[in-house]
Protein chains: 2
Amino acid sequence: MPNTIPLNQEISLSVIKTACSNCNLRELCLPFGLSLEELERLDDLISTRRRIKRGDHLYRAGEAFDSIYAIRSGFFKTDVLLEDGRDQVTGFQMAGELLGLDGISTEHHTCNAIALEDSEICAIPFSRLETLSREIHNLQHHFHKVMSREIVRDHGVMMLLGTMRAEERLAAFLLNLSQRFTARGFSHAEFYLRMTREEIGSYLGLKLETVSRAFSKFQEEGYIAVQQKHIRILNVNGLKALMNHRV
Amino acid sequence: MPNTIPLNQEISLSVIKTACSNCNLRELCLPFGLSLEELERLDDLISTRRRIKRGDHLYRAGEAFDSIYAIRSGFFKTDVLLEDGRDQVTGFQMAGELLGLDGISTEHHTCNAIALEDSEICAIPFSRLETLSREIHNLQHHFHKVMSREIVRDHGVMMLLGTMRAEERLAAFLLNLSQRFTARGFSHAEFYLRMTREEIGSYLGLKLETVSRAFSKFQEEGYIAVQQKHIRILNVNGLKALMNHRV
DNA sequence: GCATCGGCTTGATCCATGTCAACCGAAAAT
DNA sequence: ATTTTCGGTTGACATGGATCAAGCCGATGC
């Protein structure tokens, strides 16, 4: 009987416990590349799992930092607020991705993390992570890679905001989402957006009307089918071409 | 005789050697917060100092990554190139700042680092830095902070590119430079720009003409005096006000 | 079943910034 | 000293996306 959990005490206990070692996201998340024994040591560290309801904050800008968070399920956005009321979405995060890295710098969170659907996170006390990563080379190295990847991702967004036109930005955004859904075993061609047009616009440096118009345009061109938050990508290459050709 | 280097063999040797322990940037750079003994261990790691002439690359996108670099003197820019020829400056770096963090992620550099004036850097072999930071907690923690700070900085740039108007962007840029020069003991009100209008524009997501016009506008308003690359800030609060008031 | 509300779409118009072009001045090359 | 080159400034005009405004649709509440 494959895919069936044997009903003995020992196994059902380990399933209940929050554990990286039996998390199906482990290859996308912090545990990447760890041995079984190393994984078990990481399990000890991640004691808290927490549910965050849609719309609730995981943390707020200004709060003291002490943990980073791995998303076990669900979908988040992070945003930054300026004194004058302007704000900007700095990212959308999905299962297996880490939240809170910005807080290490000043020991206070510098942005807000808000659940866009009911979600579940694993809290990783940062000082314990540092301790453990002194002992497990693979963990240390992978954590450095994750931080670096975040920097590279941010450069990509800067590129997008600095040099791309509205439609290019939206195409890049859709292709990026598609690719991340694929990496999680979901369809690359069909998905639900968890965020509003306004949130997309904020992330892409556009107004919601412009985002809406670009969606309509893509639909007219036959690149995608949109119905509210439901997106089907009909012509990936069309979208890619749109991004790569300087007009 | 304070501030005088005694002329005995041992000390003059250690002065010649590249050494964090007698670098006047140590409080801005990687060695921040280390004890004297820890500093000396860091010295062993940083064996290579290298001069980079104005216009030369420190590294190029695509090259294998093995070191990060601390700027000992001079001024750099980093930029990213897209296949279609578009490029964007992702940052300007000055003495005491680190370059190359983006390369950790894929073990290849993802951007170009180019000297904007004759410069000197310390190469820090990354795998040895990881080894040492397993032993020196302060080093590990500070390095994490530096990476996190880079992420926070990038969020600031995303904010700037996503929500600010041309003049706000330039004001933010000047204030940021001013603040960083101040931290290095230079005047906060008077400095030379090392980069062209085009490079500023690329960084700020603007065309060089727009940058030029904004400089002229600031001068008309009496906020600054510009003469080519020489900038004097005459009214810091004027510039700040310009940034904070939503129009 | 009807009203309300939030999110979305679409149209008309406006404006900030891009584009194109001419010119200037400082610095480098001859 | 003269010419060339490069970076910078400024003006005239074009345009992509913002703004303002109306209306639609699906979900939620009464």
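Below, chain A is the first sequence line, B the second, and so on; all start at residue 1.
Note: B:Y69 and B:Y59 have parallel aromatic rings, judged against thresholds of 30 and 60 degrees for the angle between ring planes.
Computed from coordinates, the B:I224 CD1 to D:dT9 C1' distance equals 14 Å when rounded to whole Å. Atom CD of B:E167 and atom C1' of C:dT17 are 11 Å apart (whole Å). Straight-line distance from the CD atom of A:E209 to the P atom of D:dC20: 10 Å, rounded to whole Å. As a whole-Å value, the separation of A:H230 NE2 from C:dG7 C1' is 18 Å.
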Residues 204-214 of chain B, side-chain donor-acceptor partners within the protein, below 3.5 Å, at least two apart:
none

B:F92 vs B:F76, ring-ring contact (aromatic ring centres under 6.0 Å, His included): CA-CA, chis, key distance, verdict: CA-CA 6 Å; B:F92 297 106; B:F76 284 81; over 10 Å; no
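Contacts between residues 210-218 of chain A and DNA chain D, defined by a heavy-atom separation below 4.0 Å, involve A:T210, A:R213, listed by number. At a non-hydrogen distance threshold of 4.0 Å, B:G205, B:L206, B:K207 from residues 191-208 of chain B come into contact with DNA chain C.
Here the straight-line distance linking atom OG of B:S178 with atom CD1 of B:I233 works out to 4.5 Å at 0.5 Å rounding.
Scanning for ring-ring contact (aromatic ring centres under 6.0 Å, His included) contacts around A:F186 gives an empty result, with sequence neighbours left out.
A donor-acceptor contact closer than 3.5 angstrom links the side chains of B:H230 and B:E190.
Counting heavy atoms of neighbouring residues, nucleotides and ligands inside a 6.0 Å radius, atom CZ of A:R51 does not exceed 12 of them.
Using a 4.0 Å cut-off between a side-chain N of Lys or Arg and a carboxylate O of Asp or Glu, A:R50 and A:E120 do not qualify as a salt bridge. Ion pairing between A:E168 and B:R86 holds under the 4.0 Å rule for side-chain N and carboxylate O. The pair A:R184-A:E27 does not meet the salt-bridge criterion, since no charged nitrogen lies less than 4.0 angstrom from a carboxylate oxygen. Under a 4.0 Å N-O distance rule, the pair B:E199/B:R194 does not qualify as a salt bridge.
The overall bend of the helix from C:dG1-D:dC30 to C:dT30-D:dA1, read as the angle between its terminal helix axes built from five base pairs each, is 40° when rounded to 10 degrees.
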Under 4.0 Å protein heavy-atom contacts per nucleotide of nucleotides 22-27 of chain D, with B for base, S for backbone only and - for none: ------
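Checked options B:Q88, B:H109, B:Q93; the residue passing with B:T78 is B:Q93 (criterion: side-chain hydrogen bond (donor to acceptor under 3.5 Å, both in side chains)).
In the set D:dG17, C:dG7, D:dG7, D:dG7 carries the atom at the smallest distance from any side-chain atom of B:K229.
Ring centers of A:F126 and A:F65: under 6.0 Å apart, within the cut-off.
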